[in-house]
Structure formats: structure tokens, C-alpha cells
Amino acid sequence: MQTIRISEISNYADQEVEIKGWLYNKRSSGSIKFLIIRDGSGYIQVTIIKSEVEKELFEKIGEIEYESAIRIAGRVKKEKRAPLGYEILLKDLQVIHNAQKDYPISLKEHGVGFLMDFRHLWLRSTRQNAVLRIRAEIIKAIRNFLDQEGFILVDAPILTPAACEGTTTLFETNYFEDKAYLTQSGQLYNEASAMAFGKVYCFGPTFRAEKSKTRRHLMEFWMVEPEAAFVELEENNQIQERLITYIVKQVLKNKRAELIVLERDISKLEKIQIPFPRLAYDQAINMLKEKGMQIEWGDDFGGDEETVISQSFDKPVFIHHYPTKCKAFYMKPDPQRPEVVLCADLIAPEGYGEIIGGGQRIDDYNLLLQKIEEHNLPRKDYEWYLDLRKYGSVPHSGFGLGIERTVAWICGLNHVRETIPFPRMLNKIYP
RNA sequence: UCCUCGGUAGCUCAAUGGUGGAGCAUCCGGCUGUUAACCGGAGGGUUGCAGGUUCGAGCCCUGCCCGAGGAGCCA
């Protein structure tokens, strides 16, 4: 008899199969019992009819606790009433490990705080399984897309000697006799790699020691950061459009069942097509003022502003040419209007906020040096970065895509904490 | 760091300042098509902690702890 995974059950109609997994739920009606088995690839109902199995086996089934590891054998039966279209008629069952009877997560409602304390077990539930499968699909799509477009994976270090951007708070750690910091962006290293490989990206965790406590923030999150030589602002935006539409297309194609589990409105994802609207910062300010928001030219956008903007479009929208003072020191000022920079953030629809921050970098040595001094950054830490403008400097651009916010948007979740297996949150690092 | 809301049974929540309850989970019983199954019964409590007001506090007051949402900052 063949051991199969639940996800491939449709290939085995009317055959006898074996499945190894865990008991997800059980129901009993006297002479008929139902077990829901999960094996990591899916969930399937197993039906046990008293008159068709040995008495000893039928009685044993009532004693199996939730989440016990079991091995079942039975015949795959087409069944209209089953969610997958199939169920299994039990022939035999072995308990590999009978779980303790106090499994904390029932199928009834629980609060988020409680579930997060049991995150290691919560991962077993259907919704969490769907979210993390979609996360994996998104990451696969990103890497496929960038590889196809000729970008080379060149990772940036996690341990860094100083602030990459010098602004936000960093996690500090010991590095033998020195201090080191966990990276908050691979971008500066990416610029060096781009001058070596042309088109590169890094993909890895990023750390921010900000005491942020909102649905959009984690202390540790994952970011993909492409960077390309000879690419200017508009081409940079076009790469992002193609990337985002590709990600959405792949999820719709390969993870539709998971989107349905999450009750995601799929029609909203189907609208994600090139081109995305572009809104200059100046226009965005006017738009927000017309909607009655208190904001002046030169203010950066907060969560409320992003939400209002994103709800005005049914696609992601680029906001470009922000005031220079709002953005990082390395952003290239517009030669025609130095008070704004050649940058663009991509705001996801449905109120999900910023998922990409990107732009063109300063390629002139003297201007970069001036900005480093204006921002009071220690020049000696940036000598290597300045070198890139001494030896074959070219126009170049890049962007950073936040994985968790992208997953939250595509899954339709209202908080990023469920989009990563083990979220690191303010004052919470267990489990 | 600041603002708002909350903490009562294992979980989710009720309870006018006057005898702390329900649903689920657990245990016992019933049911041949259940989908978070259902029906009957039972057990289960130092109301986050420490003070205070009151004849009497889960409820009012003060401090602290913890959680949730948000602001700032950002992806």
C-alpha cells in the first residue's frame, strides 16, 4: 500500500492508501465517527463506520486525543459533501504518539495574545498554514522573477560595523572587543555589489530596534533589496511593477485554495495589472488636503495618510519626488528641483500602506560627501561607500520590498504578526 | 516614550456597589453523515498584584504588572 500526501489525494480515487499525520478534529455520532487528519500538505476527513471495522478498533478511536500522531489506512472515496471532494473510509489505524489531552488550542475562538504564546502550536491550524504557504510562494516568485531578469543574489552582511542609514535605532551586540549592529538594510553593500555584478539583490532579515507597536511593524522582518547600475528612477519603478504583478499572478495561480481558506477577495488581486498609477508627492499633498487632512508640504506621510491614499486606488500606487529632508542621505536630489529627491515609494491598495521604498542614489562624490557631513555621519565609516563614487560611478537605483507587509496585503490580514512563523515584537520574543 | 481600551473558570465573554454566570474545552451518557456537529448531565473561581473608600468591592479611588489598538519611526 502506498503512503501518500493529502494534497495528491485526487490521484488515488478508489484506491487503498496510507497517510501519516496528526488528528486535527474528531466528531462522533454513535455508530459513525469522523476524524479530520492533517499531514502538513492538507486536511482530509476519515470516516469510520462501526459495522465495517473491528469492534476493538472502533472503540480505540474514541480515545485518541487531539493532535496525536497517527497512521491511517483506508480507501479513497469521492464524496460531494467533503471540501476536497474526497474522504477516506478507514480500514486500519495506528497511534504513533497519543498526545496529552490538554492541547491548548481548540478550534473555537481564542485571543491573539493567547495564540501568540502558543505560536509553535498555532502554526498547525488551517489559517496559519495557508498564510505561511502563501509567504513561501511569494518568496519563490520574487526570486524567480529577479533571477529571470538577470539579477544576481549577492547577500549583504547581517552584522555591520555602523548604521547603514544612521537614523533608526539599531540592535547592538558585542563583536569581540568592538561593538557591532544588526543590519537595518543591505542597501549600501548592494550598491557596491551592483558595481561588481550590474544587477543584484540581497534577501534576508532586517532588524529595527524602534519601539513600534502597530499592525505594520515587527522588530525582525524580511526584505528583498534589488539594486541595479545604469538604472534611473522610472526604470526602477517599472521593475517594481513587473515584480509585484508577477508575485500576485503566481499566488493566484498556485495558491488559490489558500486564498479561499483566508476568505480573501480574489477579484481585488485580479485587478493588479501594469501600469500602476504614479502620484507626485506634490499631487498627493493636494489630494490629502482636498480630503480635509491636516498636512503641509514637507511633512512625511504617516499611517493615516498612506491609508487614505491607498484607498483611493485599486492598484498599488507610486508616490514619487518626496521632499529631500524626508528621505535618507543617499537619495539623489532632482537636478531640476533639489528640494525633492528621485525616489518613489509603492503604497499597497486597501489601506495596507508602504510595501516598497526605493529610488535613485547619489552618484556624485562631492554631493555624497556633503550629504554625509550634513547628516553628521562619521566619514571614516563611509569611506568605502564614497569609494564607489571615485571608481567608475554611474547612475543607479534600487528598492526594498518588505516581505511581511506584502504577505499581509495579498492574504488580506490586518496585522503582519501572522505573516512570519515566529514574529519578534515589542517586548515579546517567546517562543 | 506618549494616548486609548482591557485583564473574571483551561479558552471566549456576561454579571445596577448587595448570593460570581453562559458557551466551548474536560468527564459521564445519547445519537449512522458530522463539517467550529448536536442533545442531556457533572466537575471546574484567591475576579492580574498591592493598598484605599464603604456596613458591603469583580464593579469606585491610587500605584504597579501584563495584554490589545494607535501615534512617532519605518518596510
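In this text the structure is predicted, and so the values were computed from the model without any measurement. Reminder, nothing fancy here: chain letters follow the sequence lines and each chain counts from 1.
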J.: Which nucleotide in the list G72(B), C74(B), A75(B) gets nearest to the side chain of Thr214(A)?
T.: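 My answer, after comparing the listed nucleotides, is G72(B).
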
J.: Expressed in angstrom and rounded to an integer, what is the separation of Tyr322(A) atom OH from C74(B) atom P?
T.: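 Rounding to the nearest Å, OH of Tyr322(A) and P of C74(B) are 11 Å apart.
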
J.: When you compare G20(B) with C38(B), how far apart are their C1' atoms, in angstrom units rounded to a whole number?
T.: 29 Å

J.: If the C1' atom of C39(B) is compared with that of U46(B), how far apart are they to the nearest Å?
T.: 36 Å

J.: Return each pair, listed once, that meets side chain to side chain donor-acceptor pair (under 3.5 Å) where at least one residue sits in residues 141-152 of chain A; pairs must be two or more places apart or across chains.
T.: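 Residue pairs with at least one partner in residues 141-152 of chain A: Asp147(A)-Tyr201(A), Glu149(A)-Arg242(A).
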
J.: Taking the C1' atom of each, how far is A22(B) from G56(B), in whole Å?
T.: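 Straight-line distance between the two C1' atoms is 26 Å.
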
J.: Taking atom types as they are modelled, is there a donor-acceptor pair under 3.5 Å from the base of C74(B) to the side chain of Arg405(A)?
T.: yes

J.: Say you pick atom P in G18(B) and the same atom in A57(B); how far apart are they, in whole Å?
T.: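 Approximately 11 Å lies between the P atom of G18(B) and that of A57(B).
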
J.: On RNA chain B, compare the nucleotides closest to Lys428(A) and Leu401(A); which residue's is nearer the 5' end?
T.: Lys428(A)

J.: Using the P atom on both, measure C2(B) against G23(B) and round to a whole Å.
T.: 43 Å

J.: Quick one: on RNA chain B, does Glu305(A) or Trp222(A) contact a more 5' nucleotide (nearest heavy atom)?
T.: Glu305(A)

J.: State, to 0.1 Å, how close Pro338(A) and Pro333(A) come at their nearest heavy-atom pair, and which atoms those are.
T.: O-CB, 3.9 Å

J.: Between G69(B) atom P and Asn414(A) atom CG, what is the distance in whole Å?
T.: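 One finds 8 Å between P of G69(B) and CG of Asn414(A), rounded.
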
J.: Rounded to whole Å, how long is the line connecting atom CD of Gln128(A) with atom P of A36(B)?
T.: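 Distance, rounded to whole Å: 17 Å.
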
J.: Test of understanding: with side chain to side chain contact (heavy atoms under 4.5 Å, CB included), list the residues that count as partners of Ala344(A), not counting sequence neighbours.
T.: Leu233(A), Asn237(A), Phe318(A), His320(A)

J.: Would you mind classifying the nucleic acid contact of Ile403(A) as base, sugar-phosphate or nothing, using non-hydrogen atoms under 4.0 angstrom?
T.: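 Nothing: the residue Ile403(A), judged by heavy atoms under 4.0 Å, touches no strand.
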
J.: Could you give the CG-to-C1' distance, from Asn25(A) to C38(B), as a whole number of Å?
T.: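 From Asn25(A) CG to C38(B) C1': 13 Å.
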
J.: In whole angstrom, give me the gap between the C1' atoms of A9(B) and A25(B).
T.: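 Their C1' atoms lie roughly 11 Å apart.
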
J.: Glu234(A): which residues meet the salt bridge (charged side-chain N to carboxylate O under 4.0 Å, His left out) condition with it, sequence neighbours left out?
T.: Arg278(A)

J.: Residues two or more places apart in sequence or in another chain: which of them pass salt bridge (charged side-chain N to carboxylate O under 4.0 Å, His left out) with Glu59(A)?
T.: none

J.: Please enumerate all protein N or O atoms sitting under 3.5 Å from an N or O of nucleotides 1-6 of chain B, with distances to 0.1 Å.
T.:
unit_1 : atom_1 : unit_2    : atom_2 : d
U1(B)  : O4     : Lys211(A) : O      : 3.2

J.: Using a heavy-atom cut-off of 4.0 Å across all strands, would you classify Phe221(A) as base, sugar-phosphate, or nothing?
T.: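 The answer is base, as Phe221(A) lies within the cut-off (heavy atoms under 4.0 Å) of a base atom.
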
J.: Would you say the side-chain atoms of Glu191(A) pair up with the backbone N or O of Leu188(A), donor to acceptor, closer than 3.5 Å?
T.: no

J.: Rounding to an integer number of Å, can you tell me how far Met116(A) CE sits from A68(B) P?
T.: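 It works out to 9 Å between those atoms.
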
J.: Excluding sequence neighbours, so at least two apart, what forms ring-ring contact (aromatic ring centres under 6.0 Å, His included) with Phe114(A)?
T.: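 ring-ring contact (aromatic ring centres under 6.0 Å, His included) list for Phe114(A), sorted by chain: His110(A), Phe118(A).
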
J.: Output all residues satisfying side chain to side chain donor-acceptor pair (under 3.5 Å) with Gln128(A), sequence neighbours left out; order by chain, then residue number.
T.: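 So Gln128(A) forms a side chain to side chain donor-acceptor pair (under 3.5 Å) with Arg119(A), Glu418(A).
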
J.: Determine which pairs satisfy ring-ring contact (aromatic ring centres under 6.0 Å, His included) with at least one residue from residues 21-48 of chain A, sequence neighbours left out, and list them in order.
T.: Tyr24(A)-Tyr43(A)

J.: Find the distance His415(A):NE2 to A75(B):C1' and express it as a whole number of Å.
T.: 14 Å

J.: Does His110(A) place a side-chain N or O at less than 4.0 Å from the phosphate oxygens OP1/OP2 of G10(B)?
T.: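 Negative; the distance criterion is not met.
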
J.: Could you tell me how far apart Met425(A) (CE) and G70(B) (C1') are, to the nearest whole angstrom?
T.: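 After rounding, the reported distance stands at 16 Å.
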
J.: Ion pair present between Arg127(A) and Glu258(A), side-chain N to carboxylate O less than 4.0 angstrom?
T.: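 Salt bridge: no.
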
J.: For the rings on Tyr103(A) and Tyr66(A), is their centre-to-centre separation under 6.0 Å?
T.: no

J.: Please, what dot-bracket string fits RNA chain B when only Watson-Crick and G-U pairs with both distances under 3.5 Å count, crossing ones use [ ] and pairs to another strand use |?
T.: (((((((..((((....[..)))).(((((.......))))).....(((((..]....))))))))))))....

J.: Under the salt bridge (charged side-chain N to carboxylate O under 4.0 Å, His left out) rule, collect the residues that match up with Asp102(A), sequence neighbours excluded.
T.: none

J.: Just N and O in the side chain of Arg215(A): are any of them under 4.0 Å from OP1 or OP2 of A75(B)?
T.: no

J.: Do NZ/NE/NH1/NH2 and the carboxylate oxygens of Asp39(A) and Lys20(A) come within less than 4.0 Å?
T.: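 Salt bridge: no.
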
J.: Rounding to an integer number of angstrom, what distance separates G45(B) and G63(B) when you compare their P atoms?
T.: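 Here G45(B) and G63(B) have their P atoms 33 Å from each other.
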
J.: Base, sugar-phosphate, or nothing for Glu220(A), non-hydrogen atoms under 4.0 angstrom?
T.: nothing

J.: Say whether, by atom type as modelled, one donor and one acceptor occur between the side chain of His217(A) and the main chain of Lys213(A) under 3.5 angstrom.
T.: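 No; judged by distance alone, with no hydrogens or angles, the pair does not exist.
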
J.: What's the CG-C1' distance between Asp304(A) and G69(B), to the nearest Å?
T.: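 Atom-to-atom, Asp304(A) to G69(B), this comes out as 13 Å.
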
J.: What string of B, S and - do you get for nucleotides 25-34 of chain B, 5' to 3', if B is base contact, S is sugar-phosphate-only contact and - is no contact with any protein heavy atom under 4.0 Å?
T.: -SS---BBBB

J.: Testing Gln100(A), Lys101(A), Arg124(A), His97(A) one by one against Glu67(A) for a side chain to side chain donor-acceptor pair (under 3.5 Å), which residue passes?
T.: Arg124(A)

J.: Within residues 271-285 of chain A, find the residues that approach RNA chain B with a heavy atom at under 4.0 Å, and present them sorted by residue number.
T.: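 None - not one residue of the stretch has a heavy atom sitting under 4.0 Å from the strand.
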
J.: Over all strands shown, is Asp300(A) touching base, sugar-phosphate only, or nothing at heavy-atom distances under 4.0 angstrom?
T.: sugar-phosphate

J.: Contact class for Gly353(A) vs. all strands (heavy atom < 4.0 Å): base, sugar-phosphate, or nothing?
T.: nothing

J.: How far does the P atom of U54(B) sit from the matching atom of U16(B), given to the nearest Å?
T.: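 Pairwise P distance, U54(B) against U16(B), rounds to 23 Å.
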
J.: With ring centroids as reference points, do Phe301(A) and Tyr322(A) lie under 6.0 angstrom apart?
T.: yes

